[in-house]
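Numbering of residues begins at 1 and proceeds along the displayed sequence.
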Amino acid sequence: MCSLTTPPSTSLSFFSSSIFFNNTKIPKLPSPSKPFSHSLSVACKAATLPLLSFSGDKIGEAQLDLRAAPPDTARAVVHRAIITDLQNKRRGTASTLTRAEVRGGGRKPYPQKKTGRARRGSNRTPLRPGGGVIFGPKPRDWSIKINRKEKRLAISTAMASAAVNTFVVEDFAEEFQGKPKTKEFIAAMKRWGLDPKEKAMFLMMEVPENVVLSSRNIGTVKVLTPRTLNLFDILNADKLVLTPAAVDYLNQRYGVDYQGGDDEDDEEEEEEDYEDEGVAEEGPETNKEDNSDVVN
């Protein structure tokens, strides 16, 4: 059994996270005579999270016991996973025309000699406006692969390092069964100690439609489900809010006792396909996202 310890105070942002900026020296690469080991070393990182009621009162505690990469390799594992996620979102549809593909330019604009001007064979040269593009982008596939165990370890490492900024709230879906109100959702966030101006990520097993409608106008709030849980939103959030069911899911899926199975692998394949397509999930389970973050 792992001893319950609270991790040091860190921030989840890209700029101040302990994963990306720490005093740990970068390990030296092994020599060619020492081949790389394909096994991922993991450690246990348990934390005690406060359990709050809908009114903001502390009613108990919850245990978050996740696998985490060692400090000397955590940064590399998380960095590789986030680069994979961001690069797989690229559509790769950017395309430019070369001078051979631009319309026109077949006629020589003026004679070669006796004009006093520089010789020119086409008006579609890259040196003139309206001409072709030199070494411009062409459609390509930007997708890269990552091992399932490595990606799972990166997510669990990020969640474990964010435990200091994480708390648990009892299931509040029934509180929004009436007419959805953004004002009520903001008031609940303030009772939980959340600043509406800070980025917050909510992880729920199921997101009712009224919860989505009440929170979608808050630009700093992300409401995710296990299917849409991703490394970028974990690292980009300042605060993480979990439900008791979500804590049980994380302990089961990313905990130290996780053994894996065919059903989990099939579910993970569906999640990877969903992320690679870059299409927001329809329905009341998640906030609808625009395509403004898609980069060519």
Side-chain angles (χ1 to χ4, degrees), residues 12 49-64 155 158-159 162-163 165-254 263-264 266-268 270-275 277-293:
L12 289 180
L49 307 179
L51 177 60
L52 306 181
S53 63
F54 185 75
S55 59
D57 300 328
K58 184 177 180 180
I59 58 178
E61 294 179 345
Q63 304 297 331
L64 188 64
I155 293 178
M159 289 295 300
N165 294 324
T166 305
F167 59 89
V168 184
V169 176
E170 63 177 358
D171 192 7
F172 54 89
E174 298 180 356
E175 304 293 338
F176 294 91
Q177 287 185 353
K179 187 177 181 180
K181 287 286 188 178
T182 303
K183 185 182 298 184
E184 295 180 1
F185 196 89
I186 294 178
M189 291 178 58
K190 292 181 179 179
R191 290 196 298 269
W192 298 331
L194 294 176
D195 186 359
K197 296 182 180 180
E198 291 183 347
K199 291 175 286 188
M201 190 202 77
F202 288 75
L203 180 61
M204 307 173 63
M205 298 303 295
E206 294 182 359
V207 185
E209 183 178 2
N210 286 342
V211 175
V212 175
L213 296 178
S214 300
S215 61
R216 66 179 180 179
N217 284 339
I218 308 175
T220 57
V221 172
K222 285 276 189 178
V223 182
L224 305 180
T225 60
R227 184 186 177 190
T228 57
L229 180 64
N230 60 90
L231 188 60
F232 181 87
D233 289 333
I234 296 175
L235 296 175
N236 194 39
D238 297 322
K239 298 289 184 180
L240 269 66
V241 183
L242 310 177
T243 60
V247 174
D248 296 338
Y249 167 80
L250 292 175
N251 289 332
Q252 179 182 1
R253 181 76 175 196
Y254 302 100
D263 296 338
E264 287 81 359
D266 295 340
E267 182 181 350
E268 207 163 89
E270 294 179 359
E271 294 177 3
E272 292 176 357
D273 295 340
Y274 174 81
E275 293 178 359
E277 290 174 0
V279 180
E281 181 182 4
E282 297 180 358
E285 291 188 357
T286 57
N287 289 339
K288 293 184 178 179
E289 300 177 355
D290 55 9
N291 295 328
S292 59
D293 60 342

(Q) Assess the residue pair L51 and V247 against the criterion (side chain to side chain contact (heavy atoms under 4.5 Å, CB included)); give the C-alpha distance rounded to whole Å, side-chain angles, the decisive distance to 0.1 Å, and a yes or no. (A) CA-CA 11 Å; L51 177 60; V247 174; over 6 Å; no
Q) Taking all non-hydrogen atoms of both residues, which atom of A173 and which atom of V211 are closest, and how far apart? A) CA-CG2, 4.4 Å
Q. Hey, does I234 have a side-chain heavy atom less than 4.5 Å from the side chain of L229?
A. yes
Q.
I'd like to know if the side chain of S214 and the backbone of N210 have a donor-acceptor N/O pair within less than 3.5 Å.
A. yes
Q | Nearest-0.5 Å distance, CD of residue E170 to OG of residue S55 | A | 7.5 Å
Q) What closest approach, in Å, do N236 and K199 show between heavy atoms, and which atom pair accounts for it? A) OD1-NZ, 3.0 Å
Q. What distance separates M205 CE from Y249 OH, expressed to the nearest 0.5 Å?
A. 6.5 Å
Q.
Checking V223 against V212 for the side chain to side chain contact (heavy atoms under 4.5 Å, CB included) test, could you report, in this order, the C-alpha distance in whole Å, the side-chain angles of both residues, the deciding distance, and whether it holds?
A. CA-CA 8 Å; V223 182; V212 175; 5.6 Å; no
Q: Kindly compute the distance separating CE (M189) from OG1 (T182), expressed to the nearest 0.5 Å.
A: 11.0 Å
Q. Looking only at atom types and distance, does a side-chain atom of W192 sit under 3.5 Å from a main-chain N or O of D57, one as donor and one as acceptor?
A. no
**Q.** Spatial distance of atom CD1 (I186) from atom CZ (R191) [nearest 0.5 Å]
**A.** 12.0 Å
Q. Just by distance, do the side chain of T220 and the backbone of P196 share a donor-acceptor pair under 3.5 Å?
A. yes
Q) Do L250 and L203 come close enough that some side-chain heavy atom pair is under 4.5 Å? A) yes
Q | Nearest heavy atoms of E61 and K58, plus distance in Å | A | OE2-NZ, 3.7 Å
Q: Check the angle between the aromatic planes of F185 and F172 and answer parallel, tilted or perpendicular using the 30° and 60° thresholds.
A: perpendicular
Q. Which heavy atom of M159 sits nearest a heavy atom of L64, and at what distance?
A. O-CD2, 4.4 Å
Q) Got a second to check how far M201's CE is from D233's CG, nearest 0.5 Å? A) 7.0 Å
Q.
I need the minimum non-hydrogen distance between T166 and A162, along with the two atoms involved.
A. OG1-O, 2.5 Å
Q: Before giving the answer on side chain to side chain contact (heavy atoms under 4.5 Å, CB included), spell out for T243 and F202 the whole-Å C-alpha distance, their side-chain angles and the decisive distance to 0.1 Å.
A: CA-CA 8 Å; T243 60; F202 288 75; over 6 Å; no
**Q.** From CZ (F167) to NZ (K239), nearest 0.5 Å
**A.** 7.5 Å
